[in-house]
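Atom set for the values below is all heavy atoms of this structure, side chains included, hydrogens, waters and symmetry mates excluded.
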Amino acid sequence: GENGEFTCPDAVIMSSDLPTEPNMCTFVPPQEAASCYELKDVTELTMVWNGDDPVNVTTYFGETFNNVQKNESITFAANTSTPLGNNFEIYLDASGVSSKSVFHLSCSDNAMDGPDDCGMPQGGGKQRRRRTKSTKGTTAPNGPLIDLWKLGGMKGENGEFGCPEQGTPSSTYGTNVTFGIQITNRGDEPLDVHIIDADLGIDETIGVSDTYEIVKTKYVMPNDENVHNNTTVYVTAVGSESGADCSASDSVLVERVEPVIPPTPKSCSDIKDSGDITSVSLVWNGTETVDVEIDATGEQFKDVKPGNRITFTFDQAVTTNNVDMTIYMSNDGVDDIFTRTELLGKSEFHVSCSDDDMDGNEDCGERQGNGKNTRRRTKSTKGTTSTSNLINDWLLDGMANDSDSFSCDLANTGEVFSTD
C-alpha cells in the first residue's frame, strides 16, 4: 500500500487496486425539490410518529407498519386516486383503540407544502388545521383525527425532499460507495481466509497462486466513517504449525458537497416596484488600476484594481436614467490623492430597467458600461461588441434600492469603498 506492506508466513496480503476510492470520497447530490409544488403529483409521504404510545398503522392502500414507536418514521405510498381525492387516510390502532389520520396532497396545505414544514405536526388534514404559516406550531382541535405525526419528507413525480433534522433524509442525501478486498495466495499451500466485517463477512479457501476478491456496494450517509472501517482480515496457512494470523484495516470517510442552487430570477423591474434603483454593484474587468468618479454625485473610488468590486449610489431625480462615470489612470497607491491627470475614458449605465443587458440577475457577469443607446444588441445577440467609445469593462454584480435588491456574488479581488 501507500504506507508499506506486511508479510505472513507463506502469504502476502496485498493492498492492490481495491478499494479504489481515496481516503475521502466526495459527492454532489442532485438538488432537492424546494416545495410540494415542484415535486407534484405526490406519490409518497414520510411521517415521524410523535405519540407517546406505540401504534399499528394501515394505509388506505393496505401497507402495514406494526408497533411504531415514538420518533420512529414510516414511509408509505400516497396519491389522489382514492375516493377521498386529495385527502389520504391512514388507520391507527393503539392498545385496541382505533382512529385515523388524514394528509392533504394537493400542495395547498400551507403547513405541509415544503421543507420548511419539516417537523410540523401532521395528520389532522387541511380543513381541520385552522392555522397558517404565521401561526405555525400551534395546535388546533382535530376532532377524531390524530395529529401526532411530524413531517419527515415527501416524494412526487418530479422530485423529492427529506428532513435530515428529523432523521429522515431523502434518498439522494447519501450515496452508494463501492468497496472491497483482494487477497492473493503467494504461498505453496492453500489458505483459509476469514474476513470479519458486517458487510464483507466471508470464509473462503484460496488455492495456491489464486486470488480472491470481494466487492460490495453500500449506501452511506454523509460523514459516515464506517464505510470500510477497521475491517479485519485473518489469514491462516493450512498445515502451518505456527498457525500465524495476520490482519489489516482501512477506512473511508464520505463527505457530502451541497449542490449549487441556482438563484431565483429577479429583475430590475421587480426591485423598481418598491422604488427607483439607487445603487449598482460592479466588478472591474479592465487591465489597469483606475480612479473612478460618478459625474452627477462626485462619488469617488480610488485605486480600483482588476477584479475589485465597487458599489456606486445615485438619485435618479438627479441623474435621470443614465449614470455617467469618468475613469482615470491611477497612481496605484503612491498617495491617497484622487488623480484626474490621465483620462482613460467614460462609462455609462442605464438604470431605468429598460436596458436588455442590465435588467436582472440573469445578466450577472455581463459586461457593462456602454449604456443602453449605444449597445446595439438584444438578448439574442448578447456578447457582441458595441461600436461605442464608452468603456465596457465592468461586470454586473447587483442592483438595489432601499427596500429590495439582487446580488450576483461574483468572484472578486476585494471591495473598494468610496472615499466620501
Side-chain angles (χ1 to χ4, degrees), residues 24-32 34 222 255-271 277-294 299-314 323 325-333 338 344-351 353 355-372 375 377 379 381-386 388 390-402 404-420:
M24 176 175 285
C25 302
T26 62
F27 72 101
V28 179
Q31 182 183 340
E32 294 188 1
E255 180 182 62
R256 173 187 170 100
V257 179
E258 292 296 332
V260 177
I261 300 175
T264 302
K266 176 169 280 193
S267 69
C268 176
S269 297
D270 291 335
I271 301 173
I277 304 299
T278 58
S279 69
V280 171
S281 297
L282 303 166
V283 173
W284 174 235
N285 197 42
T287 58
E288 306 288 345
T289 299
V290 296
D291 291 345
V292 174
E293 184 172 29
I294 307 302
E299 190 174 19
Q300 297 176 342
F301 301 85
K302 179 171 173 53
D303 294 337
V304 180
K305 295 178 172 57
N308 280 171
R309 181 180 190 267
I310 69 169
T311 298
F312 62 86
T313 59
F314 49 89
V323 179
M325 170 193 291
T326 303
I327 305 171
Y328 303 92
M329 289 293 293
S330 171
N331 58 14
D332 200 8
F338 187 93
L344 190 62
K346 296 183 74 73
S347 293
E348 181 180 282
F349 307 92
H350 192 82
V351 293
C353 300
D355 183 347
D356 281 341
D357 284 312
M358 201 177 85
D359 64 355
N361 61 0
E362 65 176 6
D363 295 318
C364 284
E366 286 292 321
R367 297 170 70 90
Q368 309 294 338
N370 62 351
K372 174 187 175 184
R375 191 173 300 276
R377 62 187 177 188
K379 296 246 172 160
T381 59
K382 187 175 288 187
T384 60
T385 302
S386 166
S388 166
L390 296 173
I391 294 175
N392 198 39
D393 290 334
W394 299 94
L395 306 181
L396 181 63
D397 198 30
M399 305 178 79
N401 61 19
D402 293 337
D404 202 359
S405 66
F406 73 80
S407 177
C408 303
D409 298 323
L410 298 183
N412 64 75
T413 56
E415 182 93 12
V416 176
F417 299 97
S418 68
T419 58
D420 296 344

- Stepwise, does the side-chain hydrogen bond (donor to acceptor under 3.5 Å, both in side chains) test hold for Thr289 with Asp303? CA-CA 6 Å; Thr289 299; Asp303 294 337; over 6 Å; no
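In this structure, the side chain to side chain donor-acceptor pair (under 3.5 Å) partners of Glu293, at least two apart in sequence or on a different chain, are Gln300, Arg340. Scored by the side chain to side chain donor-acceptor pair (under 3.5 Å) test, Thr313 finds Glu299 as partners (sequence neighbours excluded). Looking at residues two or more places apart in sequence or on another chain, you find no salt bridge (charged side-chain N to carboxylate O under 4.0 Å, His left out) involving Asp409. Scored by the side chain to side chain donor-acceptor pair (under 3.5 Å) test, Trp284 finds no partners at all (sequence neighbours excluded). Annotation: salt bridge (charged side-chain N to carboxylate O under 4.0 Å, His left out) contacts of Glu415 (sequence neighbours excluded): Arg309. Remark: Ser267 pairs with Ser269, Asp270 by the side-chain contact (heavy atoms from CB on, under 4.5 Å) rule, at least two apart or across chains. For Ser347, the side-chain contact (heavy atoms from CB on, under 4.5 Å) partners are Met325, Ile327, Phe349, Ile391, Trp394, not counting sequence neighbours. In terms of the salt bridge (charged side-chain N to carboxylate O under 4.0 Å, His left out) criterion, residue partners of Asp393 (sequence neighbours excluded) are, by chain and number, Arg367. Residues satisfying the ring-ring contact (aromatic ring centres under 6.0 Å, His included) criterion with Phe314, sequence neighbours excluded, are Phe312. For Thr326, the side chain to side chain donor-acceptor pair (under 3.5 Å) partners at least two apart in sequence or on another chain are Asp295, Lys346.
Panel note: side chain Asn412, backbone Val283; no donor-acceptor pair is recorded below 3.5 Å.
Between the side chains of Asp291 and Ser330, at least one donor N or O sits under 3.5 Å from an acceptor N or O.
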